[in-house]
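Here is the naming used below: chain letters follow the sequence lines, and residue numbers restart at 1 for every chain. All values below come from the heavy atoms of this structure, side chains included, with hydrogens, waters and symmetry mates left out.
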Amino acid sequence: MDRIEVAKIGDGENSLNKNERFVKQITPKSEDFSRWYVEIIRKTEMADYAPMKGMMVIRPYGYAIWENIQQLMDMRIKDAGHENAYFPLFIPESFLRKEMEHLEGFAPEVAWVTHGGQEELEERLAVRPTSEAIIGSMYAKWIQSWRDLPVLINQWANIVRWEKVTRPFLRTTEFLWQEGHTAHETAEQAQEETIRILYLYKDFVEKELAIPVIEGKKSVREKFAGAEETYAIEALMSDGKALQMGTSHNLGQHFSKVFNIRFEDREQNLQYVWQTSWGVSTRLIGALVMSHGDDSGLRLPPQVAPFQVVVVPIALGDWKKDVLPWAEKINLDLRQKGIRVRLDSREEYTPGWKFSEWEMRGVPLRLEIGPRDVKENRCVAVRRDVQKKEILNLDSLVQLVPDLLRDIQTSLFHQALDFQRRNTHWAEDYEEFKETIESKKGFIKAWWCGDTGCEDKIKEETMATVRVIPIRQEEEEKAGRCVYCRKEGRELVYFARAY
RNA sequence: CGGGGAGUGGCGCAGCCUGGUUAGCGCGCCUGCCUUGGGAGCAGGAGGUCGUCGGUUCAAAUCCGAUCUCCCCGACCA
């Protein structure tokens with residue numbers, strides 16, 4: 001027998017400790033969601049507040065998650081044909097001014113550099129709130145011919161936006177992200193790229209972060225300043241609010257016209273390039289917390305967890321001789337298999353303490369090994385996603401663990417998907433809409449005439465906004481009437497209150 | 001940026017209203033012993049100019065003013 005399920009922790013007949021919460025230092029989610037969120041971030045040592053308003057320090061445990069996200073995302077971006085580069089942090093004010101909608105969109109949140117040393121600058125420099133302008137100015141130099149296209153460049157960088165209200169990872173004054181900037185020969189190619197990246201993001205977030213998303217177009221109100229069209233992926237957090245997880249913009253020729261990015265096409269006509277830009281940020285880490293976390297803390301998807309497995313030797317009797325070597329062997333064997341594993345043989349903490357600590361930190365799988373296990377050539381495995389204990393045979397451990405990790409990854413996704421489905425509601429009319437947003441929260445699918453006036457009214461009265469207009473409209477549903485004004489509904493959209 | 005709440009050893013808090021011994025408590029931390037299968041026990045110990053700046057007073061954690069930061073609820077945003 002390779003695997004035997006022995007008990008589910010926390011409830012049921014076989015429960016080791018009925019109804020007991022092992023991690024007791026976190027405010028329950030149901031009691032105060034914001035507090036729960038911040039406590040998890042601080043107590044797991046993902047991040048800490050810096051002494052300046054709205055800024056945080058990403059600590060090693062949080063940064064390790066970001067590095068995993070980066071690595072997996074970078075691979076996908078490169079596989080899709082892009083290259084990495086790096087552009088300056090400072091952008092001359094005149095560059096931002098070239099695209100007025102862009103400037104106006106970002107003006108309230110730009111940090112300005114006015115002095116170099118003691119001297120006042122001739123022209124203020126913006127600390128990049130995004131890099132379309134500086135990159136556009138360079139593309140103008142680099143692109144002359146259709147043979148230079150497409151240009152497919154990505155940059156990993158920090159961004160500064162002087163936000164008024166901040167929250168760790170979700171919205172901080174400075175944050176880390178990836179921004180892709182591409183230039184194409186035709187409008188069609190730019191649109192294709194926009195959509196390709198949208199689905200790249202969707203696939204990444206669903207497969208690696210185990211968070212289901214709805215993909216679609218943004219309304220005019222929610223569109224990126226300076227874009228022709230903005231597309232986004234939106235996920236539902238476990239408090240019923242939506243979070244934008246990534247955006248992909250079709251910039252059309254807005255920036256190429258102001259930065260004069262021209263090329264001679266195949267018919268020898270001088271043309272402006274068609275551009276896109278797209279990004280995901282450290283906000284994804286906040287989404288991990290809010291999607292998967294529970295009252296015991298984090299539950300990290302194995303794909304991005306700093307440690308996928310933690311091995312806890314049980315120190316009984318002459319454990320350094322009888323137990324530790326086995327724990328070390330498990331550690332090594334798993335490591336050789338490419339699994340991120342942490343052996344916790346610290347003597348100053350009891351096993352119970354370690355169990356709680358690693359649960360709070362969201363390690364997907366814990367392996368416990370004590371003298372009794374060694375005698376029977378086995379260990380105890382505890383899954384973080386379902387809090388179930390199983391007994392695993394040591395000989396087959398190295399084969400079993402990757403399977404277990406895969407199970408945990410998909411189980412987290414399905415739990416989140418199930419939550420999303422249970423919290424997506426239809427609203428036929430505005431009364432139902434208001435009732436649902438108050439009592440049930442979550443996504444509300446409803447018909448919308450496409451008019452910004454209706455969108456504004458709904459937002460004003462319910463705090464809900466158009467999150468996305470799904471790309472694939474559900475054909476079987478023939479057009480209904482706008483949930484607000486009752487005019488012919490053009491589009492079926494997802495509304496929600498959002499972060 | 002509006003409305004509300006809060007800053008006291010690393011963390012969570014009490015003390016403040018009604019100014020006055022050496023500023024307490026729980027957790028954590030250090031040392032030792034003993035322990036370790038779900039956050040052990042005992043003994044000893046370290047650590048605080050009470051967010052910051054200024055004012056009132058013989059005397060300020062406590063009263064007054066300013067300022068910074070955090071949290072919650074709204075308007076703006078990845």
Side-chain angles (χ1 to χ4, degrees), chain A residues 6-7 9-10 15-18 20-27 32-39 42-43 45 48-56 105-110 129-130 159-179 201 218 221-222 224-225 230 232-234 243-249 277-287 296 312-317 319-320 323 345-360 366 368-374 379-380 382 387 389 456 459-460 463 465 497-499:
Chain A
V6 288
I9 298 173
S15 169
L16 299 174
N17 276 276
K18 281 173 196 155
E20 188 166 352
R21 247 182 96 208
F22 296 115
V23 176
K24 297 170 191 120
Q25 51 183 278
I26 298 172
T27 302
D32 186 337
F33 193 85
S34 292
R35 197 163 166 180
W36 167 83
Y37 175 76
V38 172
E39 281 178 6
R42 300 192 69 194
K43 289 181 173 163
E45 298 180 347
D48 201 358
Y49 289 111
M52 305 81 74
K53 183 177 167 59
M55 308 209 181
M56 66 168 182
F106 284 101
E109 347 178 319
V110 171
T130 181
I159 290 294
V160 169
R161 294 184 190 174
W162 220 261
E163 302 283 357
K164 286 169 181 161
V165 177
T166 57
R167 257 149 147 352
F169 290 113
L170 297 182
R171 183 173 300 105
T172 45
T173 303
E174 180 185 8
F175 58 94
L176 306 181
W177 80 355
Q178 147 287 301
E179 51 181 325
Y201 283 163
K218 284 289 185 183
R221 268 277 175 274
E222 303 269 325
F224 174 74
T230 287
I233 50 173
E234 291 271 336
L243 183 72
Q244 181 170 300
M245 305 273 290
T247 48
S248 184
H249 314 290
S277 71
W278 28 273
V280 298
S281 71
T282 35
R283 171 180 268 193
L284 294 179
I285 297 172
S296 295
V312 179
I314 306 299
L316 277 174
W319 71 283
K320 284 192 181 168
V323 178
S345 53
R346 291 177 292 179
E347 291 183 66
E348 57 272 32
Y349 295 108
T350 63
W353 189 92
K354 292 176 187 174
F355 298 164
S356 298
E357 180 69 11
W358 293 114
E359 255 160 44
M360 184 176 77
R366 178 174 77 241
E368 311 170 7
I369 182 160
R372 290 207 300 275
D373 301 309
V374 169
C379 70
V380 176
V382 187
Q387 295 286 79
K389 286 203 174 192
D456 287 347
K459 180 172 184 180
E460 197 182 310
M463 292 186 293
T465 50
R497 288 179 182 163
Y499 276 96

Closest to the A/Leu316 side chain, choosing from B/G39, B/U36, B/A78: B/U36
A/Ser281 side-chain proximity, nearest of B/A78, B/G39, B/G38: B/A78
Taking all non-hydrogen atoms of both residues into account, name the closest pair between A/Pro313 and A/Val323 and its distance. CB-CG1, 4.0 Å
Under 4.0 Å between a Lys/Arg side-chain N and an Asp/Glu carboxylate O for A/Lys164 and A/Glu109? no
Whole-Å P distance, B/C13 and B/G2: 27 Å
Under 4.0 Å between any heavy atoms, over every strand shown, what does A/Thr172 touch: base, sugar-phosphate, or nothing? Just pick one. base
Under 4.0 Å from OP1 or OP2 of B/C72: is there any side-chain N or O of A/Tyr37 that close? no
Between P of B/U36 and CD1 of A/Ile369, the distance in whole Å: 18 Å
In whole Å, what is the span from the CZ atom of A/Arg35 to the P atom of B/G5? 17 Å
Need to verify one output field. Residue with the more 5' nearest nucleotide on RNA chain B, A/Glu347 or A/Arg167? A/Glu347
Rounding to the closest angstrom, what is the interatomic distance between B/A60 and B/G65 at atom C1'? 15 Å
Salt-bridge contact A/Glu359-A/Lys354 (side-chain N to carboxylate O under 4.0 Å): no
I want to verify a distance call: between B/U69, B/A78, B/G37, whose nearest atom is closest to the A/Arg283 side chain? B/A78
Considering every strand and a 4.0 Å limit on heavy-atom distances, what is the contact class for A/Asp373: base, sugar-phosphate, or nothing? base
Report the relative orientation of the aromatic rings in A/Phe175 and A/Trp177; use parallel for angles under 30°, tilted for 30 to 60°, perpendicular for over 60°. perpendicular
C1' atoms of B/A59 and B/G55, separation to the nearest Å: 15 Å
B/C71, OP1 or OP2 - any side-chain N/O from A/Tyr49 closer than 4.0 Å? yes
Any donor-acceptor N/O pair, A/Thr230 side chain to A/Phe224 backbone, under 3.5 Å: yes
Salt bridge between A/Lys43 and A/Glu45, side-chain N to carboxylate O under 4.0 Å? no
Distance, rounded to the nearest Å, where A/His249 contributes NE2 and B/A78 contributes P: 8 Å
Closest to the 5' end of RNA chain B, once A/Thr247 and A/Pro168 are matched to their nearest nucleotides, is A/Pro168
Under 3.5 Å, which N/O atoms of the protein pair with N/O atoms of nucleotides 74-76 of chain B?
unit_1 : atom_1 : unit_2   : atom_2 : d
B/C76  : OP2    : A/Lys459 : NZ     : 3.1

How many whole angstroms separate atom CD of A/Glu357 from atom P of B/A40? 12 Å
A/Thr350 side-chain N/O to B/A40 phosphate OP1/OP2 under 4.0 Å: yes
Which value, in whole Å, describes the distance between the C1' atoms of nucleotides B/C11 and B/A6? 16 Å
Across the strands shown, which category fits A/Leu170 at heavy-atom distances under 4.0 angstrom: base, sugar-phosphate, nothing? base
Candidates A/Thr130, A/Val110, A/Thr166, A/Thr172 - the one meeting side chain to side chain contact (heavy atoms under 4.5 Å, CB included) with A/Arg161: A/Thr130
Are A/Lys354 and B/G38 close enough that a side-chain N or O sits under 4.0 Å from OP1 or OP2? no
Report the distance from atom CZ of A/Arg42 to atom C1' of B/C11, rounded to the nearest whole Å. 9 Å
When pairs are called at under 3.5 Å and a stem needs at least three consecutive Watson-Crick or G-U pairs, the stems of RNA chain B are B:1-7 with B:68-74, B:10-13 with B:24-27, B:29-33 with B:41-45, B:51-55 with B:63-67
Is any side-chain heavy atom of A/Val280 closer than 4.5 Å to a side-chain heavy atom of A/Tyr201? yes
Calculate the interatomic distance between A/Trp162 atom CH2 and B/C1 atom P; express it in whole Å. 12 Å
Are the side chains of A/Gln244 and A/Ile233 in touch, meaning some heavy atoms are under 4.5 Å apart? no
The nucleotide from B/C70, B/A40, B/A78 with an atom nearest the side chain of A/Arg161 is B/A78
If you measure from the C1' atom in B/C68 to the same atom in B/C27, how many Å do you get, rounded? 29 Å
Is there a side-chain contact between A/Tyr37 and A/Phe169, using heavy atoms and a 4.5 Å cut-off? yes
Counting the atoms with a prime plus P, OP1 and OP2 as sugar-phosphate, which does A/Phe106 contact under 4.0 Å by heavy atoms, base, sugar-phosphate, or nothing? nothing
How many whole angstroms separate atom CZ of A/Phe175 from atom C1' of B/A78? 5 Å
Regarding A/Lys218 and A/Glu234, does a basic nitrogen lie under 4.0 Å from an acidic carboxylate oxygen? yes
Closest to side chain of A/Ser34, choosing from B/G39, B/G38, B/C71: B/C71
Any base atoms under 4.0 Å from A/Gly54, or only sugar-phosphate, or nothing? Heavy atoms, all strands. sugar-phosphate
With rounding to whole Å, what would you report as the distance between B/G45 and B/G24 at their P atoms? 15 Å
Given B/C13, B/U36, B/G38, which nucleotide is nearest the side-chain atoms of A/Trp319? B/U36
How far does the P atom of B/G20 sit from the matching atom of B/G3, given to the nearest Å? 33 Å
Within-4.5 Å side-chain heavy-atom neighbours: A/Phe355 and A/Glu368: yes
Gap in Å between the two C1' atoms, one belonging to B/A23 and one to B/G19, rounded: 14 Å
Whole angstrom value for the distance that separates C1' of B/G39 from CD of A/Glu368: 14 Å
